[in-house]
Amino acid sequence: MSNPLIPVNDILLTDADKALAKDAIDTAWISSAGAYISQFENDWAAACGVNQGVALSNGTTALEIAVETLGIGPGDEVIMTTHTIISCALAVTKLGAVPVVVDVDPTTWCMDVDQIAARITPRTRAIMVVHIFGHPVDMDPVLALARKHDLKVIEDAAEVHGAAYLTMRDTADAQWKRCGGMSDIATFSFFANKLITTGEGGMIVTDNAEYADRARSLINLCFRPDRRFRHTELGHQFRMTNMQAALGVSQVARIEEIVERKRWAAGLYHEGLSDMGEFLTFQGERDWAKNVYWVNGMVLSDDVPFDAAEFALRLREQGIDSRPFFWNIHEQPVYLEQGLFRGETYPVAERITRRGLYVPSGLAITEAQIERVCATVKQILRG
Ligand SMILES: *Cc1c(COP(=O)(O)O)cnc(C)c1O
């Protein structure tokens, strides 16, 4: 008898979530007009500790609009981690700007902030931080560099709804801040595998009302208030629907519960595999960070005689789905072909890309499923 497949992301929507989405449909407010949109924007911005939210179609368009809102254009440089989704680089190269990448920290897998300073040039305009897999980037050094060199900071918070960072940690002013609330402009995704999901969806959050207005105009075709359909600028149509926003409103209200469930699942994985340290490493949690464990990633040690791709196949044979880590930006064939990143090498990221994968981490996962994943991981790695 073969085991049923444990999916990598089993979503969890409550009756309350469904009731709000149904309300949007029942009241026929199904497009991007409707009260749930502004409620979602206000509630989520407030949860991040800022006062402006702009809901839009997805996390990728959120990044594109954030970069465009900051006025970044041809020849400008944006410093980012190499270990992230293509969306981060795409948002920069689409505007004719250049992504400049750094390696990752071996413990958090987030950008190694000590490598940023050496990459700043007169053309650098912004630093894009990506809080990876649930763990915040070490923000204070990034913000200090940005102040010193007059750079903007963009936070890609797609994977860290509810995560927090302890700012000014060695001082009497130490204070926990929410990811998404520490930069000039931040972006979220609400794709089906994110901590809050609207199916597809995204949001820009910021404390800067001008940026919010600009983003709102850019996602809505740059309509002008004086004469609709007469344009002085070209924008995009990246709006979110009221039905999606209704799903979001309901989940924002239970974000703490969602985070607790993610941390519970991660705790079970850490406990279940606590004696496997010689074979694999989990993402760490620094004492200045609250990791929301978007996914449970693991990196195989060099002694394991196969890589993550082979590990994934063996898991799959035992009925366990997984996903590989991101393919590093500096190794993307599409950019190498354009002459970007020639001869650049980032060893930590190159290693985790090849030796890392994440196991089932959806919010609907059960304790029994996690136990089965742990037992299977042990059996495969112990041989
Ligand atoms: C999911 C994700 C995105 C893109 O979001 P979509 O809604 O899928 O477009 C961007 N950045 C990071 C880090 C992500 O994990």
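Read the numbers this way: they start at 1 and go in the same order the structure lists the ligands and their atoms.
For the pair Asp140 and Lys177, the salt-bridge criterion is not met [side-chain N within less than 4.0 Å of a carboxylate O]. Taking 4.0 Å as the cut-off between side-chain N and carboxylate O, Arg351 and Asp302 count as a salt-bridged pair. Salt-bridge annotation for Asp321 and Arg323: present, with a side-chain N of the basic residue lying under 4.0 Å from a carboxylate O of the acidic one.
Not a single N or O atom of Phe326, backbone or side chain, sits closer than 3.5 Å to an N or O atom of ligand 1. On a distance-only criterion, Ser87 and ligand 1 share no N/O pair closer than 3.5 Å. The shortest N or O to N or O distance between Glu200 and ligand 1 is not below 3.5 Å.
Numbered from 1 in the order shown, with element, the atoms of ligand 1 that lie under 4.0 Å from a heavy atom of Asn58 read 7 (O), 9 (O). The distance from ligand 1 to the heavy atoms of Val130 drops below 4.0 Å at these ligand atoms: 13 (C). Close approach of ligand 1 to Ile85 is summarised as follows: ligand atoms under 4.0 Å from at least one heavy atom of the residue are 10 (C), 11 (N), 12 (C).
Between Lys194, Met128, Glu64, Glu159, it is Lys194 that holds the heavy atom closest to atom 3 (C) of ligand 1.
Here the heavy atom of the protein found nearest to atom 9 (O) of ligand 1 is Thr60 OG1, 2.6 Å. Nearest protein heavy-atom contact of atom 11 (N) of ligand 1 is Asp156 OD2, 2.6 Å.
A donor-acceptor pair is defined here as one N or O able to donate and one able to accept, closer than 3.5 Å; such a pair exists between the side chain of Ser250 and the backbone of Asp17. Proximity of a side-chain donor or acceptor of Glu41 to a complementary backbone N or O of Ala55 within less than 3.5 Å is detected.
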Would you sort out whether His330 and Thr82 count as a side chain to side chain donor-acceptor pair (under 3.5 Å), showing the intermediate values?
CA-CA 6 Å; His330 76 280; Thr82 190; 2.7 Å; yes
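A salt bridge (Lys or Arg N to Asp or Glu O under 4.0 Å) with Glu256 holds for exactly one of Arg261, Arg178, Arg263, Lys262; it is Arg178.
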